[in-house]
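This report refers to the structure that appears directly beneath it.
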Amino acid sequence: MSDDSITQSVVERYASAARNGEQVCTPDGYDMEFLATYIPESVLQIANGCGVPVGLGTVRPGETVLDVGCGGGIDCFEASRFTGKDGHVIGVDMTDEMLEIARNSSAAVATNLGYTQSNVEFRKGRAEKLPVEDQTVDLIISNCVVNLAPDKQRVFQEMYRALKIGGRFTISDIVADTSIPNYLLNDRERWGACLSGALYTRDYLHTIRATGFVGVHQIGVGPWGVIDGVHFSALTMTGYKVSVPPSRPSNEERFAGYAVLKGPFKWVIDEYDQTFVRGVWRSIDRKTSDLLHLDPFRPWFLFSKDVVAGKMLKEDDPNLLRILPEDTPCVWKGLFATMTSLFERAEDDDHHLFEGGVPIEICSKTNDVLTTPQYAPFFHILNRAQQPVSGEAVTCSPNGDCC
Ligand SMILES: C[S@@+](CC[C@H](N)C(=O)[O-])C[C@H]1O[C@@H](n2cnc3c(N)ncnc32)[C@H](O)[C@@H]1O
């Protein structure tokens with residue numbers, strides 16, 4: 001299928017959904033009863049998301065928010081509620097029938113929110129060529145749309161262009177635990193159902209980071225469906241656009257102090273390809289300091305201006321986070337762990353090497369480790385077994401390590 005033919009069939013699919021008041025996908029996580037108190041039913045019945053990107057405390061008062069692929073506008077109206085009347089919300093969609101329902105509802109929503117006029121506007125356009133000025137948006141949201149675009153790299157480049165420096169995105173989308181096979185890639189019906197265009201999580205993360213976004217991390221994930229052994233998940237991610245360092249950095253930009261990884265990983269490689277070993281101080285430049293001071297990194301690092309390069313935290317330093325598996329046999333249950341947050345690569349204390357977006361098989365002992373509050377934010381764990389498993393306990397390593 002050509003890109004144009006995919007786009008045409010996606011428009012037809014969602015035009016028909018708008019005309020018939022149909023949900024192609026059933027979003028999870030909205031409080032529909034509450035939303036019905038201020039959003040018209042015509043909008044709610046065509047909600048077609050796969051997450052709740054605005055319901056996650058992501059929208060701040062007064063912000064300019066852009067919803068890419070807004071459909072009937074459900075998330076735009078929620079964003080409008082969170083920004084308050086002084087904020088501004090722009091919804092972009094390529095399907096006229098969706099935009100019509102959204103536009104017809106905005107006055108009623110504004111009245112219900114007590115605003116003298118609506119702060120939401122809807123623009124027709126493509127995610128690949130957003131009708132928005134450069135660097136004018138604080139927050140981009142998008143709900144189950146990027147998978148429908150044939151050129152995802154272009155979509156993320158456009159999002160990056162539209163965001164201000166310091167801006168961020170929160171996107172819910174469908175991803176897969178492997179590359180989509182050709183017979184699904186050429187299945188028109190399943191493109192429209194948000195499946196065929198889903199990227200392998202590894203490629204999804206890579207595409208976002210290659211655009212320039214950093215601090216890319218998971219803020220929600222859940223199962224979506226399985227086709228012929230390909231597992232689809234609904235993933236909500238956030239990432240940031242930070243200032244690009246000059247090509248000839250000044251001394252001040254080259255050195256911004258020291259940082260040390262507290263854990264829980266033994267070592268990590270960050271999005272600038274730099275290694276941090278747990279407990280070992282290293283110097284950092286300005287761009288790394290800016291990165292590591294972003295909220296999602298803060299629990300995992302300590303900072304210092306004193307000269308501590310190469311020095312180590314003491315073994316009993318209470319800041320160190322180290323989580324070892326129980327010394328018990330392993331049970332293989334079909335579980336696979338995918339690292340989705342913050343780091344490109346990392347190793348735990350049990351010889352597991354994690355690469356962003358790539359599932360690796362884990363046993364029950366490792367599952368217990370990765371589901372602790374310290375590790376859980378970094379992982380998506382999924383059961384790939386399609387048959388019942390016998391679940392026999394095994395001891396794979398003489399020293400009690402995992403297999
Ligand atoms: C699955 S629906 C989600 C709609 C809305 N975000 C929601 O949560 O209800 C996908 C929407 O994205 C729009 N869309 C898909 N691909 C697009 C693209 N490349 N550019 C602009 N809009 C697109 C469709 O027209 C449709 O309204």
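Whatever order the structure lists them in is the order used to number ligands and atoms, beginning at 1. In what follows, every heavy atom counts, from backbone to side chain, and hydrogens, waters and symmetry copies are set aside. When a residue number appears, it is its place in the shown sequence, counting from 1.
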Task: Any side-chain donor near an acceptor of the partner, Y160 and D134, under 3.5 Å - done: no

Task: Polar proximity ligand 1 side, T95 side, N/O cut 3.5 Å exclusive - done: yes

Task: Where ligand 1 meets M98 - atom numbers and elements under 4.0 angstrom, heavy-atom basis - done: 27 (O)

Open item on the list: I'd like to know if the side chain of D93 reaches the main chain of G71, judged simply by a donor and an acceptor atom lying under 3.5 Å from each other, with no hydrogens or angles considered.
Closed with: yes

Task: Protein heavy-atom partner closest to atom 20 (N) of ligand 1 - residue, atom, separation in Å - done: A127 N, 2.8 Å

- [ ] Taking all heavy atoms of T207 and all of T211, pick out the closest pair and write down the distance.
- [x] O-OG1, 2.8 Å

- [ ] Establish, from distance only, whether the side-chain atoms of T288 and D285 form a donor-acceptor pair under 3.5 Å.
- [x] yes

Task: Y272 versus E344, side-chain donor and acceptor atoms under 3.5 Å - done: no

- [ ] Could you establish whether V145 and ligand 1 come within less than 4.0 Å of each other, counting only heavy atoms on the residue side?
- [x] yes

- [ ] May I ask you to check whether S80 and N119 show a side-chain donor-acceptor distance below 3.5 Å?
- [x] yes

Task: Region of V10 that comes within reach of ligand 1 [heavy atoms, distance under 4.0 Å] - done: side chain

Task: Distance from atom 10 (C) of ligand 1 to nearest protein heavy atom, with residue and atom - done: L148 CD1, 3.5 Å

Open item on the list: Can a side-chain donor-acceptor contact be found between Y183 and D228 if the only test is distance below 3.5 angstrom?
Closed with: yes

- [ ] Do me a favour and list the nearest non-hydrogen protein atom to atom 3 (C) of ligand 1 with residue, atom name and distance?
- [x] N143 O, 3.4 Å

Open item on the list: Check this for me: does any side-chain nitrogen of one of K287 and E271 sit under 4.0 Å from a carboxylate oxygen of the other?
Closed with: no

Open item on the list: Between ligand 1 and I74, is the shortest N or O to N or O distance under 3.5 Å?
Closed with: no

Open item on the list: Out of all atoms in ligand 1, which are within 4.0 Å of some heavy atom of A47? Include the element for each.
Closed with: 9 (O)

Task: Nearest non-hydrogen protein atom, atom 19 (N) of ligand 1 - done: E128 OE1, 3.0 Å

Task: Closest candidate by heavy atom, reference atom 5 (C) of ligand 1, pool G49, C50, G69 - done: G69

TODO: Provide the number and element of each atom of ligand 1 under 4.0 Å from a heavy atom of C144.
DONE: 1 (C), 10 (C)

Open item on the list: Any side-chain to backbone donor/acceptor pair from N143 onto C50? Under 3.5 Å, distance only.
Closed with: yes

Task: Proximal atoms of ligand 1 relative to R126 (non-hydrogen, under 4.0 Å) - done: 20 (N), 21 (C)

Open item on the list: With a cutoff of 4.0 Å, is G73 in contact with ligand 1, counting heavy atoms of the residue only?
Closed with: no

TODO: Please say whether C194 places an N or O atom under 3.5 Å from an N or O atom belonging to ligand 1.
DONE: no

- [ ] Indicate whether the side chain of T338 and that of T201 have a donor and an acceptor atom separated by less than 3.5 Å.
- [x] no

Task: Option nearest atom 7 (C) of ligand 1 (shortest heavy-atom distance, choices N48, V52, I101, D67) - done: N48

Open item on the list: Looking at non-hydrogen atoms alone, which of V146, D93, L99 comes nearest to atom 13 (C) of ligand 1?
Closed with: D93

Task: Check: Y14/N48 side-chain N/O donor and acceptor closer than 3.5 Å - done: no

Task: Residue, atom name and distance, where the atom is the protein heavy atom closest to atom 18 (C) of ligand 1 - done: M94 SD, 3.5 Å

